[in-house]
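Notes follow the structure.
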2 protein chains.
Amino acid sequence: MTELEDLCLRKGLRLTEHRRIVLEILDSATDHPCAREIHRRAADGHRIGLATVYRTLNSLTAAGVLTRLTLSDGRTRYERAGASHPHLIDVDTGEILALDEDELARLIEDTATSLGFRLVGYRLRMFGVKP
Amino acid sequence: MTELEDLCLRKGLRLTEHRRIVLEILDSATDHPCAREIHRRAADGHRIGLATVYRTLNSLTAAGVLTRLTLSDGRTRYERAGASHPHLIDVDTGEILALDEDELARLIEDTATSLGFRLVGYRLRMFGVKP
DNA sequence: CTAAATGCAAATCATTTGCAAAGAG
DNA sequence: CTCTTTGCAAATGATTTGCATTTAG
């Protein structure tokens, strides 16, 4: 896991088994688990406290490796950080399309710039129905 | 406040002073206050409990009058439903700017259309920092 | 060895809920 | 008068933190 070693070096973090485990869980996950769920999965076969999971998620998020996905159900979910891109959600089926729309991305960036901000990321969720 | 009377009638809710106050605060707000903040503003001149604010926000949200804005700072923020518009969030200060960007809105709508969807709504959140 | 990381339990913070009292229709 | 709404305080649930102990470098 070179990326993690690299990251730890750069951020002055120590490369612990726990960070490996949490990152591995998120890498292999097909969903977006919350802290408790990550702990549940990590604790299966390892000795790891819930507080450690929270701390790890926080440091990895601060380090830019993870992104928080805040849905409105109270729990914070996590995913590997990556390219900001627009999503279109089919309101009828719940299906999510991740779009690759350069023009939108550029306009979004330009808008932020024109307001005097440097764009750190964005999330565009469009809700639509098939007519 | 005919709209509220109407709503209460349709939903079998009672038209109370508290619902009026909460809705009025959200209508006149230029920001997106959280429950505590709404309570703070409402309590200025009125006798209203925090629990009532929460209950009111929940029933108005369930009734479709309000929308929850879930940022990743732990608190849920509220706004009048229906207003799809882009937001830019200052990552350093937490300040939220609700933008009125026609060009973006149009492009977003066009994008959905070109994908064969009718746009029901969208949420664009941009995260930026002041250089 | 020394500072960072961990486990556990206690502490916070936002939000919800139980219950008796107050208010709308 | 009946049923909803409210206030207050206690309960919940997610996340954070204090502290003594362990561990990576």
Side-chain angles (χ1 to χ4, degrees), chain A residues 1-2 4-25 32-63 65-78, chain B residues 1 4-25 32-63 65-78 94:
Chain A
M1 192 148 305
T2 302
L4 184 55
E5 288 174 349
D6 221 60
L7 169 79
C8 289
L9 212 64
R10 266 186 289 113
K11 298 281 175 176
L13 300 175
R14 290 185 179 170
L15 177 59
T16 68
E17 185 64 10
H18 293 128
R19 290 202 233 275
R20 288 185 53 115
I21 294 170
V22 167
L23 207 49
E24 202 165 298
I25 286 172
H32 300 291
C34 62
R36 282 199 125 76
E37 178 59 27
I38 292 169
H39 176 244
R40 208 168 294 130
R41 297 181 194 179
D44 179 45
H46 300 280
R47 183 170 184 276
I48 181 171
L50 179 56
T52 300
V53 171
Y54 275 107
R55 278 189 276 233
T56 301
L57 290 171
N58 285 340
S59 54
L60 291 180
T61 300
V65 182
L66 301 180
T67 306
R68 278 188 249 268
L69 252 194
T70 319
L71 307 184
S72 39
D73 70 343
R75 305 156 237 194
T76 301
R77 289 143 187 287
Y78 295 83
Chain B
M1 192 149 300
L4 184 56
E5 288 175 351
D6 222 59
L7 169 79
C8 290
L9 212 65
R10 267 185 289 113
K11 299 280 174 177
L13 299 175
R14 289 186 178 171
L15 177 60
T16 69
E17 186 62 10
H18 292 127
R19 287 203 234 276
R20 286 185 55 116
I21 294 170
V22 167
L23 207 49
E24 200 164 300
I25 286 172
H32 299 292
C34 63
R36 280 198 126 77
E37 178 58 28
I38 293 168
H39 176 244
R40 208 167 295 130
R41 298 180 194 179
D44 179 45
H46 300 281
R47 184 169 184 276
I48 181 172
L50 179 57
T52 299
V53 171
Y54 275 107
R55 278 188 278 233
T56 302
L57 291 170
N58 285 341
S59 55
L60 292 181
T61 300
V65 182
L66 301 181
T67 306
R68 279 188 249 268
L69 254 195
T70 319
L71 307 186
S72 40
D73 69 343
R75 307 155 233 196
T76 301
R77 289 143 188 286
Y78 294 83

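In this text the structure is predicted, and so the values were computed from the model without any measurement. In the text below, chain A, chain B and the rest are named by the order of the sequence lines, each starting its count at 1.
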Which heavy atom in [X] sits nearest to a heavy atom in [Y], and how many Å separate them?
X	Y	result
B:Val53	B:Ala35	CG1-O, 3.7 Å
B:Arg19	B:Arg14	NE-O, 3.0 Å
A:Arg47	A:His18	O-NE2, 3.3 Å
A:His32	A:Arg77	O-NH1, 2.9 Å

Taking atom [atom2] of [N] as reference, at what distance in whole Å does atom [atom1] of [X] sit?
X	N	atom1	atom2	answer
A:Ile48	C:dC8	CD1	P	11 Å
A:Arg75	C:dC13	CZ	C1'	18 Å
A:His46	C:dT6	NE2	P	13 Å

Are any of [X]'s side-chain N or O atoms less than 4.0 Å away from OP1 or OP2 of [N]?
X	N	result
B:Thr76	C:dT15	yes
B:Tyr54	C:dT15	yes
A:His18	C:dA5	no

| note | Outer limits of DNA chain D sitting under 4.0 Å from a non-hydrogen atom of chain A, read 5' to 3', are D:dA14 to D:dG25
| field | First encountered from the 5' end of DNA chain C, between B:Arg55 and A:Gly12 | value | A:Gly12
| request: Check whether any side-chain heavy atom of A:Lys11 lies under 4.5 Å from a side-chain heavy atom of A:Ser59, and answer yes or no. | output: no
| said: At 4.0 Å (heavy atoms only), tell me whether B:Arg47 reaches a base, stays on the sugar-phosphate, or touches nothing. | reply: sugar-phosphate
| request: Summarise protein proximity over nucleotides 20-25 of chain C in one line of letters, 5' to 3': B for base, S for sugar-phosphate only, - for none, counting protein heavy atoms closer than 4.0 Å. | output: ---BBS
| With B:Ile25, the side chain to side chain contact (heavy atoms under 4.5 Å, CB included) member among B:Arg20, B:Arg41, B:Glu37 | B:Arg41
| How many angstroms lie between atom CG of B:Leu23 and atom CG of B:Leu7, to the nearest 0.5 angstrom? | 8.5 Å
| remark: dist B:Asp6:CG -> B:Arg10:CZ (nearest 0.5 Å) comes out at 5.0 Å
| said: Please check: side-chain N/O of A:His39 versus main-chain N/O of A:Ile48, any donor-acceptor pairing under 3.5 Å? | reply: yes
